[in-house]
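Okay, so here's the structure we're looking at.
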Amino acid sequence: MLLSVIVPCYNEEDNVALFYNEAMHSLEEIIDEVEFVFINDGSKDNTLEELKKIYKTAMVNIKIIDFSRNFGKEAALLAGFENAVGDYVAIIDADLQQNPKYICQMLKILNENSEYDCVAAYQDVRKEGKILSFFKDCFYKLINKMTEVEIVRSASDFRLLKRKVVNAILSLPEKCRFSKGIFSWVGFNTYYMPYTVEERANGTSKWSFWKLFAYAIDGIVAFSTVPLVVASIIGIILFIISILLLLIIVVKTLIWGDPVAGFPTLASLLLLTAGIQLLCIGVLGQYLAKNYTESKERPMYIVKDFYSSKEKQK
Ligand code: UDP
Ligand code: MG
């Protein structure tokens, strides 16, 4: 058995060594069968130097994939999957919010319950603000109404996957990747394991509210075409209303000879319809933009350097 541990790192200079020591300690019993795949996602600090220090002294297999710039966590995860060779593949953050000790528990679950192919950790107690939590709730309700697959609210990217699940994930060629959706889309039996999220060891989270918002939109566009249907339905409803209004006006003018009045009504109706039109064009634009990105077929990331213990030994 070989276990690959994928660790995306972006500006984690103070955390990678801590993480590595903690992981070595937690995985002590199976350490001969572990490889670490660190992705340096264009860090602007000394993360790469810290990773190289680990690489130079490590007794276990280490791979470092050094990106040419910051391509985002999704790209880092994909690079990890593409370079991991393990029969089991774990994804874990470098900031120690997710304690590596849980990987052993996950392995145990998969070994003891052969019906499961994947373990996803979820936070038993959420440590986030009420407002953010509210928006996240709304997002999951919305996306689950719109998509055919269920995306579980609290399930994180902290996962252990069997090789066949990794292969399934790699078989999806899309460039606009939304991992949470992809994990659900590929199917397989997932065991949801509670875990307690810890405070970040050092540094700050890279996710601001607006980044999360953009990520949420990406997720919806990547996994559902319902917004397009809604745009069409709004169009149809407005069309019917305008026909009715027109009829009423014509009849009123013919029978009672009412002059056409109500400039303010007209102005506000005009604004309303223009607004809705722009909204619908915006929705359409989102899909078009995604299509455009996909059609360019650019790679999701560029590797500047690749370090592997195996190559070091040669
Ligand atoms: N990360 C990354 N690229 C990015 C942003 C984040 O590789 O562009 C990594 C980061 O180093 C960490 C993990 O993804 O290991 C989760 O990031 P973060 O802790 O900022 O997210 P949060 O825990 O707040 O969701
Ligand atoms: Mg974190």
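Every number for a ligand or one of its atoms is a count from 1 in the order of the listing. Counting from 1, the numbers follow the sequence of the chain as shown.
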Please check if atom [atom1] in [X] has more than 12 non-hydrogen atoms from other residues, nucleotides or ligands closer than 6.0 Å.
| X | atom1 | result |
| --- | --- | --- |
| Glu297 | CD | no |
| Lys206 | NZ | yes |
| Tyr215 | OH | yes |
| Leu247 | CG | yes |
| Lys130 | NZ | no |
| Phe213 | CZ | no |

Of all the non-hydrogen atoms in the protein, which one sits nearest to [atom], and at what distance?
| atom | answer |
| --- | --- |
| atom 4 (C) of ligand 1 | Asp41 OD2, 3.4 Å |
| atom 25 (O) of ligand 1 | Trp207 CD1, 3.5 Å |
| atom 23 (O) of ligand 1 | Gln97 OE1, 2.8 Å |
| atom 20 (O) of ligand 1 | Lys206 N, 2.7 Å |
| atom 12 (C) of ligand 1 | Glu12 OE2, 3.3 Å |
| atom 7 (O) of ligand 1 | Pro8 CB, 3.4 Å |
| atom 24 (O) of ligand 1 | Ser205 OG, 2.5 Å |
| atom 1 (N) of ligand 1 | Tyr10 CB, 3.8 Å |

| query | Can you tell me if Asp95 has an N, O or S atom under 2.8 Å away from the Mg ion (ligand 2)? | reply | yes

| query | Does any N, O or S atom of Gln98, backbone or side chain, fall under 2.8 Å from the Mg ion (ligand 2)? | reply | no

List every atom of ligand 1 that sits less than 4.0 Å from any heavy atom of [X], numbering the atoms from 1 in the order shown and giving each element.
| X | value |
| --- | --- |
| Asp95 | 19 (O), 23 (O) |
| Ala94 | 15 (O) |
| Cys9 | 7 (O), 11 (O) |

| said: Parallel, tilted or perpendicular, judged at 30° and 60°: which one describes the rings of Phe71 and Phe67? | reply: perpendicular

| message | Regarding ligand 1, does Thr204 bring an N or O atom to under 3.5 Å of one of the ligand's N or O atoms? | response | no

| message | Check Lys164 with Asp117, please: is the shortest side-chain N to carboxylate O separation under 4.0 Å? | response | yes

| said: Check this for me, if you would: do Glu35 and Lys63 make a salt bridge, where the nitrogen-to-carboxylate-oxygen distance has to be below 4.0 angstrom? | reply: yes

| remark: Looking only at non-hydrogen atoms, the one of Asn40, Leu77, Thr47, Asp93 nearest atom 16 (C) of ligand 1 is Asp93

| Option nearest atom 18 (P) of ligand 1 (shortest heavy-atom distance, choices Arg200, Lys211, Lys73) | Arg200

| task | Among Val166, Val165, Asn167, find the residue that satisfies the side chain to side chain contact (heavy atoms under 4.5 Å, CB included) test when tested with Ile169. | result | Val165

| said: Once you restrict to heavy atoms under 4.0 Å, what part of Asn11 touches ligand 1? Side chain, backbone, both or neither. | reply: neither

| remark: In terms of heavy-atom contacts, Pro8 and Lys73 come closest through CG-CE, 4.0 Å

